[in-house]
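Quick notes on the structure that follows.
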Amino acid sequence: MAENGEEKLLAVARHIAKTLGQNDTMADDILQIFSNFDGRFSREKLSEKMVDDNNPRGCAALERAVNSLDRQISQYVALDHPIWAHTADSSAFLDAIDDLIRTMRDWEPMAAEKSVSACLVRADDLMHQAMFRVGDEFRSLMDRGVESFELNRSNDESTGNLSFDSDDDNEENEDGLLHNGADLDHQIPVAQPVTDYDIVIDALPSGTVSDLHEIAKRMVAAGFVKECSHVYSTCRREFLEESISRLGLQKLSIDEVQKMPWQELEDEIERWIKAANVALRILFPSERRLCDRVFFGFSSAADLSFMEVCRGSTIQLLNFADAVAIGSRSPERLFKVLDVFETLRDLMPEFDSVFSDQYCLVLRNEAVTIWKRLGEAIRGIFMELENLIRRDPAKAAVPGGGLHPITRYVMNYLRAACRSRQTLEQVFDESNAVVPSNKLDDRRVSSSSMSVQMAWIMELLESNLEMKSKIYRDSALCSVFMMNNGRYIVQKVKDSELESLLGDDWIRKHNAKVRQYCTNYQRSSWNKIIGTLKLDNSSLASNAIAKSMKEKIKSFNTQFEDVCKTQSSWIVFDEQLREEMRISVSRLLLPAYRNFIGRLQCMPEIGRNTDRLIRYNPEDIEARINELFEGNNGSSGVRK
């Protein structure tokens with residue numbers, strides 16, 4: 001080897017002299033300088049070996065080195081069993097590859113010489129053979145490592161334990177991430193629930209990782225970075241995709257997701273949320289850690305390999321979220337779309353940290369784009385809710401002036417939506433949509449976009465209810481209908497986050513509206529009846545007055561009976577409001593009635609006929625009033 005080394009040194013010196021010397025005299029001068037510098041560069045040794053490019057002796061040392069390395073490497077390339085099955089073989093093989101890399105690098109400066117170039121072509125061909133075999137060994141090591149992990153995992157599961165290494169304390173974690181179980185039908189089993197995301201999976205034994213690193217180091221040094229990355233990413237990608245499949249998530253296209261029945265899609269969203277959390281918080285960080293260990297010292301190769309490993313699974317997760325985002329804007333989808341939006345939002349720090357390199361930038365940007373698209377979908381769902389309210393037709397009147405289904409639906413919908421108030425405020429604040437100012441009148445609501453949105457939906461609902469109230473021919477029943485629905489709206493607002501969103505002024509204003517509806521009801525229903533009890537203070541003869549009062553009491557009896565019969569089937573769902581209305585009617589009617597029958601009983605012209613004329617005593621009147629607003633079957637018409 002010492003002799004070969006000296007020959008290489010002399011060859012380099014000759015190459016320099018020949019390249020820089022423009023003529024023989026200048027070349028001799030350069031050789032003289034070399035001989036003065038080092039005794040090994042004696043004029044005789046240099047001169048006797050200065051040969052023409054076509055002289056094969058110019059690469060004799062290189063040829064001997066390539067021949068020697070060919071014999072060493074070829075014997076390992078031809079082996080029919082794994083080289084890494086024996087440490088001695090793998091070490092010798094790597095040493096030979098190192099020598100080949102070094103030889104090619106040393107002689108590369110003289111590649112312009114034909115004889116050297118021919119030898120380097122042979123060396124390059126040998127390098128390709130070595131890299132092809134070492135790539136197979138790389139793949140075999142990864143496959144055996146995964147099989148070892150699967151076996152250990154299966155053994156752990158058979159005893160009820162499954163452990164992963166934790167970054168913090170390396171304690172055993174009993175949450176089964178990748179549950180294998182009995183796989184008699186060759187189906188991918190589903191994972192056990194995971195509650196602790198602060199774990200890292202070491203999917204390959206440390207010895208295997210070390211061997212992979214040594215191979216990767218040679219492949220990178222030899223210029224086979226992409227080939228090494230391809231082998232690595234192919235193996236790890238399969239493992240990662242299987243791991244995500246074990247979490248129960250189907251591999252669906254965007255079109256397939258959009259065609260799924262909603263109930264099935266709801267279940268799939270739940271599985272997606274679990275899979276996304278495990279992938280971004282456990283699987284991807286574990287793959288990043290493994291990549292960095294295998295390609296330690298080669299950050300670019302590590303970044304490229306990691307991107308290739310995770311790209312398919314990441315796109316699968318993002319495509320599902322995108323399919324949800326561009327799907328139907330039906331209002332009932334809001335809550336699941338919110339779940340997807342919140343999951344992706346909460347995972348953004350993981351996207352930023354795990355996909356921080358240049359190769360993963362496109363994945364990180366795509367995650368942000370889809371997250372924003374989900375926000376647009378949420379705003380679109382609220383627009384569809386507005387359209388639903390506008391389009392809800394005024395068909396048949398609600399019996400008894402009770403609560404309309406649209407009121408119950410919208411208010412319960414908004415109350416449920418406001419449980420995600422923080423998320424909705426974020427979504428609406430990012431929107432550039434402007435609510436027409438003429439639709440908001442002079443209301444003073446919170447400056448947040450969500451407050452404006454809620455106030456606008458309330459106004460649409462009130463307008464729709466006013467349109468529906470016109471179906472009732474009885475103005476009193478129209479007022480009961482608006483009173484019922486208005487009271488329900490105010491109660492639902494006060495019992496939720498809507499109260500702080502809409503504000504106290506809004507509540508006071510709508511309570512005043514309810515009271516006005518009550519007043520309108522009394523005027524429509526009872527003013528005429530009370531008018532019949534008005535005493536006649538004219539100067540008519542007593543017989544004429546008696547006759548008039550007899551007619552009035554008869555008219556009162558008929559009207560009161562009709563009102564009670566009709567309004568006992570009307571509904572006031574709120575117990576407190578129902579009681580307040582009964583008290584109000586009693587206070588309005590009973591004093592006038594008592595005064596009227598008192599005067600009637602004192603008239604001698606009536607005589608003993610008063611018992612036949614006075615059908616109700618005051619207690620009877622009050623009892624009949626207390627039977628009002630119970631509904632057809634005595635139901636209070638309460639809706640929740």
Side-chain angles (χ1 to χ4, degrees), residues 177 179 187-195 197 241 243-283 313-348 350 366-367 369-389 405-406 408-424 426-428 457 496-497 640:
L177 173 66
H179 178 63
Q187 296 177 349
I188 297 177
V190 178
Q192 298 287 345
V194 175
T195 57
Y197 295 108
E241 290 176 353
S243 297
I244 291 178
S245 295
R246 290 176 185 273
L247 293 168
L249 187 65
Q250 302 180 57
K251 200 167 187 178
L252 301 168
S253 67
I254 291 179
D255 187 55
E256 288 173 326
V257 173
Q258 291 185 315
K259 289 180 179 179
M260 289 181 72
W262 176 239
Q263 189 171 1
E264 292 181 20
L265 184 55
E266 283 185 302
D267 296 336
E268 195 66 21
I269 287 174
E270 289 297 323
R271 288 189 286 270
W272 178 88
I273 291 172
K274 295 174 183 177
N277 275 289
V278 172
L280 268 297
R281 292 176 173 170
I282 298 177
L283 295 176
S313 298
T314 305
I315 290 175
Q316 178 188 353
L317 292 170
L318 292 178
N319 279 350
F320 182 90
D322 196 24
V324 172
I326 63 179
S328 169
R329 296 291 193 266
S330 181
E332 68 267 13
R333 293 181 173 234
L334 171 68
F335 305 100
K336 285 300 179 184
V337 176
L338 277 171
D339 288 343
V340 177
F341 176 89
E342 290 172 344
T343 299
L344 209 52
R345 176 198 64 195
D346 295 343
L347 289 174
M348 278 302 154
E350 278 70 24
E366 183 67 9
T369 299
I370 293 174
W371 173 56
K372 291 182 177 180
R373 197 171 291 152
L374 285 163
E376 294 171 2
I378 292 170
R379 292 190 290 272
I381 288 173
F382 273 90
M383 291 179 64
E384 186 58 32
L385 176 65
E386 295 172 14
N387 293 331
L388 182 149
I389 296 171
I406 189 69
R408 186 168 60 253
Y409 174 82
V410 171
M411 295 311 301
N412 286 324
Y413 186 93
L414 294 181
R415 287 178 75 242
C418 285
R419 292 170 189 159
S420 302
R421 175 177 175 176
Q422 183 179 3
T423 300
L424 288 176
Q426 180 182 11
V427 168
F428 287 120
I457 292 176
S496 69
E497 286 286 334
K640 296 183 179 179

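Side-chain atoms are counted along with the backbone in the values below, which use heavy atoms only and exclude waters and symmetry mates.
One distance of note links NZ of K274 with CD1 of I269; it measures 13.0 Å at 0.5 Å rounding. Going from atom CD1 of I315 over to atom CG of D322 covers 11.5 Å, rounded to the nearest 0.5 Å. A distance of 6.0 Å separates CD1 in I389 from CD1 in I406, rounded to the nearest 0.5 Å. For the atom pair CD (Q316) and CG (L318), the distance works out to 10.0 Å, reported to the nearest 0.5 Å. Considering CG of L374 and CG of D339, their distance stands at 11.0 Å, rounded to 0.5 Å.
Shown here are the salt bridge (charged side-chain N to carboxylate O under 4.0 Å, His left out) partners of K372, two or more places apart in sequence or in another chain: there are none. When the side-chain contact (heavy atoms from CB on, under 4.5 Å) test is applied to Q426, the partners found at least two apart in sequence or on another chain are F341, R345, W371, E430. Residues that satisfy the side-chain contact (heavy atoms from CB on, under 4.5 Å) test with T369, not counting sequence neighbours, are R373. T343 meets the side-chain contact (heavy atoms from CB on, under 4.5 Å) test with W272, I273, A276, N277, L347; sequence neighbours excluded. In this structure E266 satisfies the salt bridge (charged side-chain N to carboxylate O under 4.0 Å, His left out) test with no other residue, sequence neighbours excluded. In this view, E386 and R390 satisfy the salt bridge (charged side-chain N to carboxylate O under 4.0 Å, His left out) rule, not counting sequence neighbours. A search for side chain to side chain donor-acceptor pair (under 3.5 Å) contacts involving R421 returns E425, E497, S500, not counting sequence neighbours. Legend: residues meeting side-chain contact (heavy atoms from CB on, under 4.5 Å) with A417, ordered by chain and number and at least two apart, are L334, F335, F382, L424. Residues passing the salt bridge (charged side-chain N to carboxylate O under 4.0 Å, His left out) test with E342, sequence neighbours excluded: none. With sequence neighbours left out, E332 forms a side chain to side chain donor-acceptor pair (under 3.5 Å) with S330. Residues passing the side chain to side chain donor-acceptor pair (under 3.5 Å) test with S313, sequence neighbours excluded: none.
The backbone N or O of G327 sits less than 3.5 Å from a side-chain atom of R329, completing a donor-acceptor pair. In this structure a side-chain-to-backbone donor-acceptor pair under 3.5 Å is present from Y413 to P331.
When the shell of 6.0 Å around CE of M348 is examined, it contains more than 12 heavy atoms from other residues, nucleotides or ligands.
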Side-chain donor/acceptor pairs under 3.5 Å, residues 247-254, sequence neighbours excluded:
residue: Q250; atom: NE2; partner: E268; partner atom: OE1; Å: 3.2
residue: S253; atom: OG; partner: E256; partner atom: N; Å: 3.1
residue: S253; atom: OG; partner: E256; partner atom: OE1; Å: 3.4

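Closest approach of A367 and L344 over heavy atoms only: O-CD2, 3.9 Å. Nearest heavy atom pair, residue V337 against residue A377, reads CG1-CB, 4.3 Å. For G375 against V427, the heavy-atom pair with the smallest separation is O-CG1, 3.5 Å.
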Steps toward side chain to side chain contact (heavy atoms under 4.5 Å, CB included) verdict (R333, L265): CA-CA 10 Å; R333 293 181 173 234; L265 184 55; 3.7 Å; yes
Under the criterion side chain to side chain contact (heavy atoms under 4.5 Å, CB included), I'd like the reasoning laid out for F320 against I370: C-alpha separation, chi angles, the key distance, then a yes or no. CA-CA 10 Å; F320 182 90; I370 293 174; over 6 Å; no
